[in-house]
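Have a look at the structure below, then the notes.
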Amino acid sequence: MSARRRHRFVIDRTWDGRSVPRDDAARVDLVAVTGGLELRIDSPFHDDPPPPGPPGSTPGLWRFEVVELFLAGALDEAGRRRYTEIEIGPRGHYLVLRFAGPRRSVAEGLELEVETAIDDGRWRARVPLPAGHLPPPPHRAAAFAIHGPPEARRHRAAHPIPGSQPDFHQPELFRPIDLELPADASTPS
């Protein structure tokens, strides 16, 4: 099977699998470009209060309006699946975390160049993803969107996840994808 240059995730379900209205669906595209991948987001803008501080790397961004892409890779020597979590907010805030197994952080606050725009009730983002931020293949992926006040958070998913509450850190359940990375791109070991 040959690698694809684009993967689209449509976030049109609640985390546990119920449909959401069509105008509340978000799209995440992962596109192969020179030097790595580009993340493209098109999402409803819910106008939640922004995180404190200027746009840029923002710890705890998942507590705010955000779209998330999880990219998992190969198992490490200890049998843990390595994965990267990329969180993007509508106003240019972001967070990149790398894990060696569920919630086992090995890197936080990796830098990105994030371009966002809010227009006509939606927000869009373009984010180059350097190959060095990505886990080694084979790849699996999942996409989510979160918004709403703390007492009424809405957790959306491209594919439902099991459990009694939303838990996005289940890399074994992410869907397999075949990424086309440039021949000169290197991923961390």
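Applying the ring pair (Phe, Tyr, Trp, His ring centres under 6.0 Å) criterion to Phe174, with sequence neighbours excluded, gives Phe70. Applying the salt bridge (Lys or Arg N to Asp or Glu O under 4.0 Å) criterion to Arg18, with sequence neighbours excluded, gives Asp16.
Scanning both residues, Pro171 and Pro102, for their nearest heavy atoms gives CD-CG, 4.0 Å. Counting all heavy atoms, side chain and backbone alike, Val106 lies closest to Ala100 at CG1-CB, 3.8 Å. Here the closest heavy-atom approach between residue Pro44 and residue Ala25 is recorded as CD-O, 3.4 Å. Listed here is the closest heavy atom pair of Leu95 and Gly60: CD2-N, 4.0 Å.
Aromatic rings from His147 and Phe64 are positioned such that their centres are separated by 6.0 Å or more. For His155 and Phe144, the distance between ring centers is not under 6.0 angstrom.
Here the CG-CD1 distance, from Leu69 to Ile41, works out to 8.0 Å after rounding to the nearest 0.5 Å. The NE2 atom of His139 sits 10.0 Å away from atom NE2 of His7, with the distance rounded to the nearest 0.5 Å. Rounded to the nearest 0.5 angstrom, Thr84 OG1 and Leu129 CG are separated by 9.0 Å. To the nearest 0.5 Å, the span separating CG on Leu37 from CG on Leu30 amounts to 4.5 Å. From Leu61, atom CG reaches atom OH of Tyr94 across 11.0 Å, with rounding to the nearest 0.5 Å. Once rounded to the nearest 0.5 Å, the distance linking OG of Ser57 with CD of Glu108 reads 7.5 Å.
Under the 4.5 Å side-chain criterion, counting only non-hydrogen atoms from C-beta, Ile177 is in contact with Leu71. Side-chain contact between Asp12 and Ser19 is absent, with no heavy atoms from C-beta onward closer than 4.5 Å. Leu39 is not listed as a side-chain neighbour of Asp29, based on a closest heavy-atom distance of 4.5 Å or more. Side chains of Val114 and Pro55 form no contact here, defined as non-hydrogen atoms less than 4.5 Å apart. For the pair Ile86 and Leu97, the minimum side-chain heavy-atom distance is 4.5 Å or more. In this structure the side chain of Pro128 never reaches within 4.5 angstrom of the side chain of Leu112, judged on heavy atoms. Looking at Pro138 and Pro176, their side chains never come closer than 4.5 Å, going by heavy atoms from C-beta outward. Under the 4.5 Å side-chain criterion, counting only non-hydrogen atoms from C-beta, Arg82 is not in contact with Phe99.
Residue pairs meeting the salt bridge (Lys or Arg N to Asp or Glu O under 4.0 Å) criterion with at least one partner in residues 158-172, sequence neighbours excluded, are Arg81-Glu172, Arg103-Asp167. For residues 45-63, the set of pairs meeting the salt bridge (Lys or Arg N to Asp or Glu O under 4.0 Å) definition, not counting sequence neighbours, comprises Asp47-Arg91. The list of salt bridge (Lys or Arg N to Asp or Glu O under 4.0 Å) pairs with a residue in residues 110-127, not counting sequence neighbours, reads Glu38-Arg126, Asp42-Arg122, Asp42-Arg124. Residue pairs meeting the salt bridge (Lys or Arg N to Asp or Glu O under 4.0 Å) criterion with at least one member in residues 139-162, sequence neighbours excluded: Asp24-Arg156.
His169 places no side-chain N or O within donor-acceptor distance of the main-chain N or O of Gly101, the cut-off being under 3.5 Å. No donor-acceptor pair under 3.5 Å is formed between the side chain of Glu68 and the backbone N or O of Ile88. Between the Thr116 side chain and the Pro90 main chain, a donor and an acceptor come within less than 3.5 Å of each other.
Hydrophobic clustering (ILVMFWY, side-chain heavy atoms < 4.5 Å, transitive): Leu134 and Val127 are in one cluster. There is a path of hydrophobic side-chain contacts, each under 4.5 Å, that joins Phe45 to Val28.
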Show your reasoning for whether side chain to side chain contact (heavy atoms under 4.5 Å, CB included) applies to Arg175 and Phe9.
-> CA-CA 10 Å; Arg175 302 290 169 99; Phe9 305 89; 5.7 Å; no

Determine, step by step, whether Val20 and Arg13 satisfy the side chain to side chain contact (heavy atoms under 4.5 Å, CB included) criterion, reporting the C-alpha distance in whole Å, the side-chain angles of both residues, the deciding distance to 0.1 Å, and the verdict.
-> CA-CA 5 Å; Val20 300; Arg13 305 257 169 224; 5.7 Å; no

Would Phe168 and Trp15 satisfy side chain to side chain contact (heavy atoms under 4.5 Å, CB included), going step by step from the backbone distance to the final call?
-> CA-CA 9 Å; Phe168 300 157; Trp15 66 273; 4.2 Å; yes

Using the side chain to side chain contact (heavy atoms under 4.5 Å, CB included) rule, take Glu87 and Trp62 through it: C-alpha gap first, then chi angles, then the decisive distance, then the call.
-> CA-CA 7 Å; Glu87 304 177 11; Trp62 59 87; 3.4 Å; yes

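Side chain to side chain, His133 and Arg98 fail the donor-acceptor criterion of an N or O pair below 3.5 Å.
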